[in-house]
Amino acid sequence: MKKLAIIVSLLTLFCFAMTGCSKPQSAAKKNFTIVTSFYPMYIDVINITKDVEGVEVINMTKPQTGCLHDYQLTTEDMKTLEKADVLVANGAGMESFLDKAAKQNKKLKIIEASNYDHIQLLKDGEEENPHVWTAVTYAIDQVKAITVQLCEADPEHKEQYRKNALDYVMKLEALRKEMHEQLDDLPHKDIVTFHEAFPYLAKEFKLNLVGVIEREPGTEPTPQELEQIIAKVKAMPVKVLFAEPQYSPAAAETIARETGAKIYTLDPVVTGEATPDAMDAYINAMKRNMEVLKEALK
């Protein structure tokens with residue numbers, strides 16, 4: 001009997017060691033996957049989710065995509081969205097594909113960062129202008145809007161989201177303060193920009209947006225529009241044009257030749273590498289924009 005008891009004990013230990021039969025193994029924990037529509041949203045989300053275990057952030061579009069005015073979802077994009085829990089988009093008409101994404105992914109939660117009470121959308125004719133993040137105040141509001149809805153979608157991590165968002169908002173508030181100190185008292189305020197990316201920045205820092213070279217990137221101004229812009233630039237006390245790093249400056253160069261205007265570059269922060277190093281990309285780009293405006297409008 002003693003020998004039998006020893007054999008039973010050994011068999012029991014072997015069973016535990018080889019099959020874990022003492023208790024069932026728990027299933028591997030699934031990541032919470034957040035997909036962002038393009039670079040400005042990616043920057044916000046990686047700041048809000050910093051060091052949160054089990055959260056994966058994927059930027060859907062390629063690093064040099066730019067604004068998504070006419071963007072069409074690819075097969076690769078649809079595969080990316082299939083594994084997502086949340087899609088964070090700018091909204092306000094920037095991503096025309098949101099309805100399609102929602103129809104094809106019934107369980108996908110879509111967060112529109114511009115859907116926030118404090119954000120008052122400007123209009124280009126009958127259409128709302130979606131470039132709200134170029135105003136630092138609205139960039140802060142977008143971070144708040146994303147955070148509130150992420151906490152609802154993933155309550156397990158809500159305290160970490162809130163803490164990270166507060167840290168990032170404090171950085172953005174410091175940026176806003178610095179930019180107001182540097183830009184509010186500039187001697188000149190008239191600017192002509194490449195496309196409709198900067199009305200919110202102009203409004204926040206009391207700049208006078210005299211004209212826009214291309215209403216939509218890649219759409220050349222008509223001869224009549226070109227003539228009108230040239231006349232406006234000639235009347236400006238300081239003749240400056242602002243191109244964007246994402247697009248060809250050809251039309252701006254034509255205007256510069258006709259008016260003697262100097263071309264500078266303002267970055268709407270719509271392109272960049274989707275890596276953890278991008279956490280300060282918005283702040284750094286806006287500081288460069290601040291220095292450009294100071295130089296151009298002195």
Side-chain angles (χ1 to χ4, degrees), residues 38-40 64-70 90 92-94 114 120-125 127-139 179-180 182-184 186-222 224-272 282 285-298:
F38 73 139
Y39 197 54
Q64 300 306 318
T65 299
C67 288
L68 304 181
H69 299 293
D70 300 313
N90 180 78
M94 175 61 75
S114 297
Q120 302 297 316
L121 296 175
L122 301 175
K123 286 193 172 183
D124 306 330
E127 294 185 3
E128 292 173 330
N129 188 312
H131 303 85
V132 297
W133 67 90
T134 59
V136 183
T137 295
Y138 282 174
M179 291 185 72
H180 275 293
Q182 298 294 321
L183 300 179
D184 282 356
L186 288 175
H188 301 284
K189 297 287 186 175
D190 292 345
I191 63 172
V192 172
T193 62
F194 175 77
H195 92 288
E196 291 279 15
F198 295 105
Y200 293 97
L201 178 142
K203 183 179 179 182
E204 179 157 33
F205 297 104
K206 298 179 175 62
L207 303 174
N208 180 27
L209 187 55
V210 172
V212 175
I213 297 170
E214 295 185 9
R215 293 289 169 183
E216 294 289 342
T219 305
E220 291 283 330
T222 66
Q224 184 180 4
E225 289 171 337
L226 202 57
E227 187 177 321
Q228 290 172 349
I229 295 171
I230 288 171
K232 289 178 180 179
V233 174
K234 285 181 175 178
M236 292 165 59
V238 175
K239 296 171 178 56
V240 290
L241 307 172
F242 295 95
E244 296 175 28
Q246 293 84 9
Y247 306 108
S248 167
E253 289 170 351
T254 299
I255 297 167
R257 284 195 298 270
E258 293 292 326
T259 61
K262 187 171 182 180
I263 299 175
Y264 293 86
T265 300
L266 283 180
D267 188 354
V269 207
V270 293
T271 54
Y282 176 82
M286 294 301 285
K287 284 187 175 183
R288 289 193 296 270
N289 287 339
M290 175 185 72
E291 295 300 328
V292 167
L293 289 166
K294 281 173 58 181
E295 172 64 24
L297 301 175
K298 63 186 178 182

Does [X] use its side chain to pair, donor to acceptor, with the backbone of [Y] at less than 3.5 Å?
{"X": "Ser114", "Y": "Asn90", "value": "yes"}
{"X": "Lys234", "Y": "Ala231", "value": "no"}
{"X": "His131", "Y": "Glu196", "value": "yes"}
{"X": "Glu204", "Y": "Thr137", "value": "yes"}
{"X": "Tyr200", "Y": "Asn129", "value": "yes"}
{"X": "Tyr282", "Y": "Trp133", "value": "yes"}

The test is side-chain contact (heavy atoms from CB on, under 4.5 Å); show your working for Leu201 and Leu293 and say whether it passes.
CA-CA 11 Å; Leu201 178 142; Leu293 289 166; 4.1 Å; yes

Does the gap between the ring centers of Phe242 and Phe198 come in under 6.0 Å?
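No, the ring of Phe242 stays outside the 6.0 Å limit from the ring of Phe198, centre to centre.
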
Determine whether more than 12 heavy atoms belonging to other residues, nucleotides or ligands lie under 6.0 Å from atom [atom1] of [X].
{"X": "Asp70", "atom1": "CG", "answer": "no"}
{"X": "Lys287", "atom1": "NZ", "answer": "no"}
{"X": "Glu227", "atom1": "CD", "answer": "no"}
{"X": "Glu127", "atom1": "CD", "answer": "no"}
{"X": "Lys189", "atom1": "NZ", "answer": "yes"}

Mind checking what makes ring-ring contact (aromatic ring centres under 6.0 Å, His included) contact with Tyr39, not counting sequence neighbours?
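ring-ring contact (aromatic ring centres under 6.0 Å, His included) check on Tyr39 returns nothing, list empty.
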
Quick one, [X] and [Y] - any side-chain contact, counting heavy atoms below 4.5 Å?
{"X": "Met236", "Y": "Thr259", "result": "no"}
{"X": "Phe38", "Y": "Leu68", "result": "yes"}
{"X": "His69", "Y": "Pro130", "result": "yes"}

The reported gap from OG1 in Thr271 to CD in Glu244 (rounded to nearest 0.5 angstrom) is 9.5 Å

How many angstroms lie between CD in Gln182 and NZ in Lys294, if you round to the nearest 0.5 Å?
4.0 Å

Test side-chain contact (heavy atoms from CB on, under 4.5 Å) on Lys203 and Leu122; report intermediate values, then the result.
CA-CA 10 Å; Lys203 183 179 179 182; Leu122 301 175; 4.1 Å; yes

Please name the pair of heavy atoms, one in [X] and one in [Y], separated by the smallest distance, quoted to 0.1 Å.
{"X": "Thr134", "Y": "Ala197", "result": "OG1-O, 3.2 Å"}
{"X": "Val212", "Y": "Ile229", "result": "O-CD1, 3.2 Å"}
{"X": "Ala251", "Y": "Ile213", "result": "CB-CG2, 3.6 Å"}
{"X": "Met179", "Y": "Val136", "result": "SD-CG2, 3.8 Å"}
{"X": "Leu209", "Y": "Ala202", "result": "CB-CB, 4.4 Å"}

Does the pair His188 and Lys298 meet the rule for a side-chain contact (heavy atoms from CB on, under 4.5 Å), with working shown?
CA-CA 7 Å; His188 301 284; Lys298 63 186 178 182; over 6 Å; no

Taking 4.0 angstrom as the limit, do Glu291 and Arg288 come out as a salt bridge?
no

Which atom pairs, donor and acceptor, lie under 3.5 Å between side-chain atoms of residues 260-268 and protein residues at least two apart or in another chain?
unit_1	atom_1	unit_2	atom_2	d
Asp267	OD1	Gln246	NE2	3.1
Asp267	OD1	Val269	N	2.8

Set of side chain to side chain contact (heavy atoms under 4.5 Å, CB included) partners for Glu128, sequence neighbours left out
Leu121, Lys123

As a quick check of understanding, evaluate side-chain contact (heavy atoms from CB on, under 4.5 Å) for Ile191 and Leu297, giving each step before the final call.
CA-CA 9 Å; Ile191 63 172; Leu297 301 175; 4.0 Å; yes

